[in-house]
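As the structure lists them, so they are numbered: ligands from 1, and atoms in each ligand from 1. All values below come from the heavy atoms of this structure, side chains included, with hydrogens, waters and symmetry mates left out.
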Amino acid sequence: MIYLDNAATSFPKPKTVVEAVVRQMETIGGNPGRSEHQGGLAASRIMYDTRQKLARLLGIEDPLRVIFTLNATEALNLAIKGALKPGDHVITTSMEHNSVLRPLETLKKQSIETSLLKADKTGLVSLSDVRQALQPNTKMLVITHCSNVTGSIQPVEEMVKLAREHQLLSLVDASQSTGSIPYHIEKMNPDLLAAPGHKALLGPQGTGFLYMKPGVVLQELKQGGTGSESENLQQPLTVPDRYESGTQNAHGLAGLKAGIEFLLKETVEAVREHEKKHILQLKEGLSSIKGIRLYGPESIDQQGSVILFAIRDLDQTQLNYMLDQLYGVSARAGLHCAPLAHQTIGTFPVGAIRFSPGYFTTKEEIDQALSAVNQLASDF
Ligand SMILES: Cc1ncc(COP(=O)(O)O)c(C=O)c1O
């Protein structure tokens, strides 16, 4: 199998990730933050170590500002629903994933209004459009760092700066960049940043996080046991406990810790260089195949490890199925949970095919995937 669906979830995982999950399950009995016995303490330690290593990887000063979640969607919901109140206005973009668009759509019923900035045909949003959308009641700017449809990398640092100048909360959806495109949170300086652990951080599914800048307070979405202040019927206000109710995924976080350790050793810069080569090779190869339409930014510096294309006006989902069945190429077609992004670039409602190489993808695999697309395009 040639796996080119790392934008959905990374595969394969480093062996150390698998081993860490198994080791945790086999040898550690106990809930993190709950029990004073050895297993409970060991589970707590795993969570703390994972927080600390993630903080080191991403340039976060205080690891306690990392809130663990089930995935990026849960982190985005917490950030959006925890920050906004009736009467607020939000600025976001047409390149967002449904995990941003759907919570905002739901909040319309509570009189929370959204302005959607339309990106250009290559998926890039302009800073001046953000400026123009500002209103007296604008509370938040939500922006994806790297599009899961076109791979477009937004000028997120400038956008966050603009938001700060206008006292807006900035929320960055870093689902496609975390672990794949180097960034430093304290330099980017967002109020909130959400990402999954199961994509380029190489951890297991069921892991994700929300970073909250010191001073930012959100309404928690869940109340329950935290293992702290148990005498109090009110939800504790300390971070991260306020936002982490219920037994945490210590098994998954043990795996995430190993994924982060892998990246600390290899470096995200090396991952980016490796993936850039694949995207360049795909760009070159796909554009030389007759009948292929390519989407996304011109410059590789504005593109993450995602490339989108369509083969003539055929059924792209059917073609993608054939890529898998006939050539063993696993990719994703359709609308990629981002219908407005496809509307923006003109591929709605049919969608297109997305290849997303990862750190373990080889040049030979890209050669084979290109030859499979070439074959399909000439057969139809
Ligand atoms: C840009 C973007 N945001 C959010 C998500 C949601 O991530 P998760 O599946 O971890 O909730 C994805 C997943 O593909 C994504 O690509």
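In this structure a side-chain-to-backbone donor-acceptor pair under 3.5 Å is missing from Tyr243 to Phe68. Counting only distance, with no hydrogens or angles, the side chain of Asp120 and the backbone of Leu124 share a donor-acceptor pair below 3.5 Å.
At least one side-chain heavy atom of Ile153 sits under 4.5 Å from a side-chain heavy atom of Ile181.
Aromatic rings from His336 and His342 are positioned such that their centres are separated by under 6.0 Å.
Defined by atom type and a distance below 3.5 Å, a donor-acceptor pair is present between the side-chain atoms of Asp367 and Gln281.
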Check: every ligand 1 N/O to protein N/O pair under 3.5 Å:
from: ligand 1; atom 1: 3 (N); to: Asp173; atom 2: OD1; distance (Å): 3.4
from: ligand 1; atom 1: 3 (N); to: Asp173; atom 2: OD2; distance (Å): 2.6
from: ligand 1; atom 1: 3 (N); to: Ser175; atom 2: OG; distance (Å): 3.2
from: ligand 1; atom 1: 10 (O); to: Ala72; atom 2: N; distance (Å): 3.1
from: ligand 1; atom 1: 10 (O); to: His198; atom 2: NE2; distance (Å): 2.8
from: ligand 1; atom 1: 11 (O); to: Ala72; atom 2: N; distance (Å): 3.4
from: ligand 1; atom 1: 11 (O); to: Thr73; atom 2: N; distance (Å): 2.9
from: ligand 1; atom 1: 11 (O); to: Thr73; atom 2: OG1; distance (Å): 2.4
from: ligand 1; atom 1: 14 (O); to: Lys199; atom 2: NZ; distance (Å): 2.6
from: ligand 1; atom 1: 16 (O); to: Gln176; atom 2: NE2; distance (Å): 2.8

Step-by-step ring-ring contact (aromatic ring centres under 6.0 Å, His included) determination, Tyr3 to Phe360: CA-CA 9 Å; Tyr3 187 79; Phe360 299 109; over 10 Å; no

